[in-house]
2 protein chains.
Amino acid sequence: MIDPASGVPAWRQLADALRDRIAAGEWPPGARLPSETRLTQEYALGRTTVRRAVAALRAEGVVEVQHGWGTRVPSAREVERVTAEPGSVITTRMPTPQERAVLAVPDGVPMLVVTGPDGMADAYPGDRTRVEVR
Amino acid sequence: MIDPASGVPAWRQLADALRDRIAAGEWPPGARLPSETRLTQEYALGRTTVRRAVAALRAEGVVEVQHGWGTRVPSAREVERVTAEPGSVITTRMPTPQERAVLAVPDGVPMLVVTGPDGMADAYPGDRTRVEVR
DNA sequence: TATAATTTGTGCGTATGTATA
DNA sequence: TTATACATACGCACAAATTAT
């Protein structure tokens, strides 16, 4: 499965493989992935390498990790609709740790920033917000 | 500087310290941060811990790392203005590795997805795009 | 062109702590 | 209490990219 001589780092190959398996529906939203120990066995890799791959998927928002429980595919969020008035400006960026706590978003989830015509800016969690243009 | 008994992981404390120093202007955009080896000495931490802190800042888009050269604060990007028609929907998420390559964005930069009234979706790099509502 | 020094990247192992079931 | 699973943190070695000599 993992080819050390391919030039592609092992952790990236594993991340790609897991991403593909998730996309293929092998683990539907809410399902738990194999443990790190199991992955080290199945793919014949060190734990550091496995953790690195999982960390990459976290940063993409592809998986959520819960300490002491396991790793799962995020369930679909209830989406909040936000309407943007004409003259508004919409940007995005990763939240700071404080903003992450306020918005209650896991790793790998960006932030939507909507600045109204009056210059007032509001931040929304990127995993459960869609901005609709009136 | 780093308090191992505070309950806050050392890598997080270091990330916070560096983020604060960047925000204070100690390293302006384009400037290079101290090397990993230097940080291990200054903060009396292992390299693994230092790299973890830097990785966290990368995931936030606070720093950019270049192999063989060092770590720097990203320079300001030229911003592209995109206008959204009424009926459009704007969302955000982290790009896949393929999308990251296509958009040419570094780590820690989300993607803006603009879906027009016709259902056609366009993706833009979050670090140099602002969507303006007509 | 070649070499060395610097800096980040990859990967392994080990030990211990903490959260969950 | 026990077992399982993830988190933190250290160390080491070698590879690869960059820059200066």
Side-chain angles (χ1 to χ4, degrees), chain A residues 1-18 27 30-74 97 100-101 106-108, chain B residues 1-18 27 30-74 97 100-101 106-108:
Chain A
M1 315 177 170
I2 305 294
D3 178 12
S6 73
V8 179
W11 66 266
R12 188 176 292 275
Q13 291 185 54
L14 176 56
D16 292 343
L18 294 177
W27 301 293
R32 178 160 59 175
L33 272 65
S35 72
E36 295 175 353
T37 308
R38 195 105 179 73
L39 290 174
T40 60
Q41 295 163 350
E42 286 186 14
Y43 287 90
L45 296 170
R47 180 145 183 239
T48 308
T49 307
V50 170
R51 281 183 60 74
R52 181 118 196 235
V54 174
L57 296 180
R58 285 175 72 161
E60 293 174 26
V62 173
V63 301
E64 279 176 3
V65 178
Q66 188 176 343
H67 187 180
W69 186 86
T71 304
R72 82 178 85 202
V73 179
R100 288 212 9 224
D107 284 328
Chain B
M1 314 179 173
I2 305 294
D3 179 12
S6 73
V8 179
W11 66 267
R12 188 177 293 275
Q13 292 184 54
L14 176 55
D16 291 344
L18 294 177
W27 300 293
R32 179 160 59 174
L33 272 66
S35 72
E36 295 174 355
T37 308
R38 197 107 178 72
L39 290 175
T40 61
Q41 296 164 349
E42 285 186 12
Y43 286 89
L45 296 170
R47 190 177 167 212
T48 308
T49 308
V50 169
R51 281 182 61 76
R52 179 118 197 233
V54 174
L57 297 180
R58 286 175 71 160
E60 294 174 26
V62 173
V63 301
E64 279 175 2
V65 178
Q66 187 177 344
H67 185 183
W69 188 86
T71 305
R72 82 180 85 202
V73 179
R100 288 215 7 227
D107 283 328

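Taking only side-chain atoms of B:Thr48, from C-beta outward, the nucleotide of C:dG11, D:dG11, D:dA7 with the closest atom is D:dG11.
B:Tyr43 has its OH atom 19 Å from the P atom of D:dT8, to the nearest Å. Spacing between atom CG of A:Leu45 and atom P of C:dT10 amounts to 14 Å, rounded to whole angstrom units. Rounding to whole angstrom units, CD of residue B:Glu64 and P of C:dT8 are separated by 14 Å. Per the geometry, CG belonging to B:Leu14 stands 13 Å off C1' belonging to D:dA9, to the nearest Å. Nucleotide D:dA5 holds its P atom 10 Å from the CZ atom of A:Arg38, rounded to whole Å.
Note on A:Arg58: only backbone sugar-phosphate atoms sit closer than 4.0 angstrom, heavy atoms only; bases stay farther off. Within 4.0 Å of A:Arg52, counting heavy atoms only, lie sugar-phosphate atoms of the nucleic acid but no base atom.
Looking at heavy atoms from C-beta onward, A:Glu60 lies in side-chain contact with B:Pro97 at the 4.5 angstrom threshold. With contacts defined as side-chain heavy-atom distances shorter than 4.5 Å, the pair B:Leu45/B:Leu39 does not qualify.
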Quiz: residues 64-71 of chain B side-chain donor-acceptor pairs under 3.5 angstrom, not counting sequence neighbours:
from	atom 1	to	atom 2	distance (Å)
B:Glu64	OE2	B:Arg77	NH1	3.2
B:Glu64	OE2	B:Arg77	NH2	2.8
B:Gln66	OE1	B:Arg72	NH2	2.9

Working for side-chain contact (heavy atoms from CB on, under 4.5 Å), residues B:Arg100 and B:Asp107: CA-CA 8 Å; B:Arg100 288 215 7 227; B:Asp107 283 328; 2.7 Å; yes
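Nucleotide C:dT1 forms no Watson-Crick or G-U wobble pair with any nucleotide shown, as no partner meets the under 3.5 Å limit on both distances.
Contact between the side-chain N/O atoms of B:Arg47 and the OP1/OP2 oxygens of D:dG11 is not found at any separation under 4.0 Å. For A:Arg51, a side-chain nitrogen or oxygen approaches OP1 or OP2 of D:dA7 to under 4.0 Å.
For the atom pair CG (A:Asp16) and CZ (A:Arg12), the distance works out to 7.0 Å, reported to the nearest 0.5 Å. Atom OG1 in B:Thr48 sits 10.5 Å away from atom CZ in B:Arg52 (nearest 0.5 Å).
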What's touching nucleotides 2-7 of chain C from the protein side, N or O pairs under 3.5 Å?
none

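One N or O on the side chain of A:Gln13 and one on the backbone of A:Asp3 form a donor-acceptor pair closer than 3.5 Å.
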